[in-house]
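None of these values were measured; they are calculated from a predicted model. For reference, positions follow the sequence shown, starting with 1.
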Amino acid sequence: MNAVIQTSPTQQQALHLLQTVFGYPAFRSQQGQIVDHVANGGDALVLMPTGGGKSLCYQIPALIRQGVGIVVSPLIALMQDQVDALAEVGVRAAFLNSTQSFDEALQIERLMREGAIDLVYIAPERLMTQRCLELLSVTPLALFAIDEAHCVSQWGHDFRPEYIKLSILHERFPDVPRIALTATADQQTRDEIIHRLQLENAMQFVSSFDRPNIRYQIVEKANGRKQLLDFITAQHSGDAGIVYCLSRKKVEETAEFLNENGITALPYHAGMEQSDRYRNQARFLREDGIVMTATIAFGMGIDKPDVRFVAHLDLPKSIEGYYQETGRAGRDGASANAWMAYGLQDVVQQRRMIDESEANETFKRVQGVKLDAMLGLCETLQCRRVHILDYFGQPSQACGNCDTCLSPPISFDGTVAAQKILSTVYRVDQRFAAGHVIDVIRGIDTDRVKQWRHDQLSTFGIGSDKSEAEWRALLRQMIALGLVAVDYENFSSLKLTEDSRAVLRGESRIQLRQYKKAEKAVKHKRQSAKDFAETNLNDTEQAIFERLRWWRVETAKAHNTAAFIIFHDSTLREIAKAKPRTLDDLRGVSGVGAKKLESYGEELVKLIAEFA
């Protein structure tokens with residue numbers, strides 16, 4: 001006899017809202033548990049990967065509970081799209097931020113006091129004002145959702161000072177449940193979120209960090225910009241993507257380079273006029289096939305589901321930052337790529353940035369540890385996904401879908417090669433940078449080598465069997481391993497370390513990765529959302545799918561919103577397969593809730609009828 005699973009009234013109400021409002025048949029992973037816990041007044045800390053459905057974890061409890069759900073978000077530029085998406089499913093939502101007129105803000109404040117609105121998005125800076133806190137004190141409150149909660153961590157990659165003050169919510173409104181959400185947090189960051197936001201009694205929900213649809217690939221940097229172009233042209237022609245660069249200048253130059261080579265690219269960085277940033281962001285969200293070149297100022301909260309690749313032309317500062325940025329690809333579940341070009345200069349540059357920063361020594365030490373972990377990911381001989389998940393405390397098996405799994409690197413006993421580098425660094429009195437040291441090892445008679453009579457050294461030419469690129473790769477690994485240090489105050493000269501002495505004496509042996517020349521990207525069948533659809537649709541269904549996409553573009557233009565806010569590709573794909581002839585046929589399709597059925601149902605049924 002099968003046991004009957006009992007569900008509480010709250011769980012029944014949550015599932016009803018999920019199906020009728022948002023149009024999804026069932027909760028994923030821990031969503032149902034989180035919704036039930038918060039809807040019943042509990043506090044929660046939620047760690048869920050990008051694309052995992054974090055928003056529903058506070059949206060549905062806000063609809064169940066009496067009062068207004070307050071969403072604390074740092075993403076002013078994206079609030080309009082978030083509110084538009086909720087309006088499309090019939091949820092009464094609004095935002096309070098600096099883009100509104102005084103009269104518009106007054107109208108929202110009135111609705112809040114009356115409890116006549118479901119969700120309001122507020123930036124933390126505004127929330128902390130006396131006016132806003134007084135408004136909240138006379139507003140019936142359902143819950144507080146603190147989105148992008150990792151911003152509270154002073155050690156993190158996206159620290160926002162305003163977030164530290166959010167403990168005031170618990171102090172002023174102790175009976176209002178709080179849910180803190182983030183896609184990225186190691187144990188140290190989790191502990192800080194709990195401490196700063198006074199969530200010691202909150203239930204923690206930690207989902208798997210794995211994003212199996214993303215393929216991780218890190219290549220030896222030769223000509224980064226050209227390698228990027230080859231990668232996009234071969235694998236992602238016509239796809240939406242994001243390219244991250246370290247400096248504003250490099251962002252501008254990379255966008256210009258891609259445009260000159262036939263790829264529509266837009267720049268985004270904090271030095272641009274706000275209106276230009278907003279305009280470029282809106283184009284990226286609302287048009288197909290745009291590549292955004294950006295600093296890390298761009299991306300947090302970006303909800304575009306069909307980003308097919310994220311590329312890095314510079315080394316990220318930490319695995320948290322890298323994971324957060326790469327997680328913006330493939331939110332729709334279709335195949336996506338995380339690609340990075342990485343070289344010796346990246347290691348030198350990041351270490352110099354830490355050493356030269358004005359931060360205190362504790363902060364520098366923490367950043368150094370995070371950088372070491374990032375370098376470990378770049379230099380690993382093992383599965384990259386295993387390495388990432390292990391960093392977040394989640395054991396896993398080799399994925400078979402990253403570069404080190406698909407083309408395993410070859411390791412070798414690099415002790416002798418390392419000794420040649422260390423001996424040369426010692427013999428040039430630890431006063432010269434990488435380029436000069438490599439010239440000496442390779443026996444290159446430059447004017448500078450002759451000037452310092454380094455062509456007379458015993459190590460001159462002992463590495464003539466290897467290319468400059470090979471020695472750079474080996475030196476990069478040694479810097480990453482802490483066997484060589486870089487003195488940034490003295491022209492980036494190389495120095496020996498305590499660990500290097502054991503290698504020099506032959507007391508310690510080391511394994512290094514064998515150099516592999518950068519290969520030109522091989523063109524193959526694209527893993528775009530369109531191709532992903534084609535593998536599941538017959539010819540008629542594919543034709544319907546393409547027609548639906550065209551209809552969606554036109555509808556989005558008429559509504560002045562992003563196409564994915566109308567329907568995701570996955571929903572259009574299901575409609576194409578279901579071929580609904582009536583509104584009832586359409587009702588059960590995932591992603592079609594009651595409001596969208598009312599708004600678009602008849603149009604869709606008529607469109608499908610054209611293919612009958």
Side-chain angles (χ1 to χ4, degrees), residues 34 38 42-50 52 54-55 57-58 69-79 82 97 121-129 132-133 136 141 143-174 176-207 209 270 296-297 299-302 316-325 327 357 359-360 362-367 369-370 373 391-393:
I34 298 166
V38 177
D43 293 337
L45 171 61
V46 175
L47 280 83
M48 192 177 285
T50 303
K54 290 189 295 296
S55 299
C57 295
Y58 61 79
I70 304 298
V71 185
V72 183
S73 169
L75 311 168
I76 290 177
L78 293 170
M79 287 181 182
Q82 290 165 328
N97 67 36
Y121 289 79
I122 307 178
E125 302 90 334
R126 190 183 189 102
L127 188 77
M128 289 299 107
T129 63
C132 192
L133 289 171
L136 294 179
L141 298 173
L143 57 80
F144 289 110
I146 302 165
D147 204 7
E148 309 295 351
H150 63 274
C151 292
V152 78
S153 174
Q154 294 186 81
W155 315 116
H157 59 283
D158 217 339
F159 173 57
R160 309 290 175 100
E162 307 81 21
Y163 266 67
I164 287 180
K165 302 173 186 175
L166 292 178
S167 60
I168 196 173
L169 298 179
H170 180 57
E171 294 160 7
R172 287 210 178 195
F173 310 98
V176 179
R178 294 166 301 141
I179 174 172
L181 310 101
T182 180
T184 319
D186 60 6
Q187 190 59 56
Q188 182 183 30
T189 303
R190 283 180 232 175
D191 292 342
E192 193 168 0
I193 292 171
I194 290 166
H195 172 68
R196 297 281 183 188
L197 299 181
Q198 297 182 21
L199 287 168
E200 285 83 2
N201 297 320
M203 189 171 287
Q204 296 185 40
F205 298 88
V206 182
S207 299
F209 285 88
I296 58 170
M300 186 164 56
I302 289 293
K317 297 177 182 178
S318 66
I319 289 181
E320 294 103 312
Y322 176 70
Y323 177 82
Q324 178 100 356
E325 288 146 23
S357 75
N360 61 46
T362 302
F363 183 83
K364 287 183 179 182
R365 187 169 61 253
V366 170
Q367 295 308 106
V369 170
K370 289 180 181 289
Y391 181 83
F392 290 112

Separation between [atom1] of [X] and [atom2] of [Y], rounded to the nearest 0.5 Å:
X	Y	atom1	atom2	result
L181	S55	CG	OG	8.0 Å
M300	Q324	CE	CD	7.0 Å
Y163	I193	OH	CD1	10.0 Å
H170	L166	NE2	CG	13.5 Å
M203	N201	CE	CG	11.0 Å
I34	M48	CD1	CE	4.0 Å

Counting C-beta onward and ignoring hydrogens, is there a side-chain heavy-atom pair between [X] and [Y] closer than 4.5 Å?
X	Y	answer
L47	F205	no
Q198	E171	yes
V152	F159	no
E325	P316	yes
I122	V72	no
F392	V206	no
I179	F144	no
L169	V176	no

Could you tell me which non-hydrogen atom of [X] sits nearest to which non-hydrogen atom of [Y], and how far apart they are?
X	Y	answer
A180	A149	CB-CB, 3.9 Å
G327	T50	O-CG2, 3.2 Å
P74	R160	CB-NH1, 3.5 Å
A297	A270	CB-N, 4.2 Å
A202	A44	CB-N, 3.8 Å

- prompt: Under 4.0 Å between a Lys/Arg side-chain N and an Asp/Glu carboxylate O for K370 and D186?
  reply: yes
Among Q187, E192, Q188, side chain to side chain contact (heavy atoms under 4.5 Å, CB included) partner for R190: Q187
- request: Would you check if there is a donor-acceptor pair between the side chains of E320 and Y391 at a distance under 3.5 Å?
  value: yes
Closer than 3.5 angstrom, by distance alone: can the side chain of [X] be matched with the main-chain N or O of [Y] as a donor-acceptor pair?
X	Y	value
T129	R126	yes
K364	S357	yes
D43	R178	yes

field: Y323 and F209 aromatic ring geometry - parallel, tilted or perpendicular at 30°/60° bounds
entry: perpendicular
- prompt: Is there a side chain to side chain contact (heavy atoms under 4.5 Å, CB included) between Q204 and L199 once you walk through the steps?
  reply: CA-CA 9 Å; Q204 296 185 40; L199 287 168; over 6 Å; no
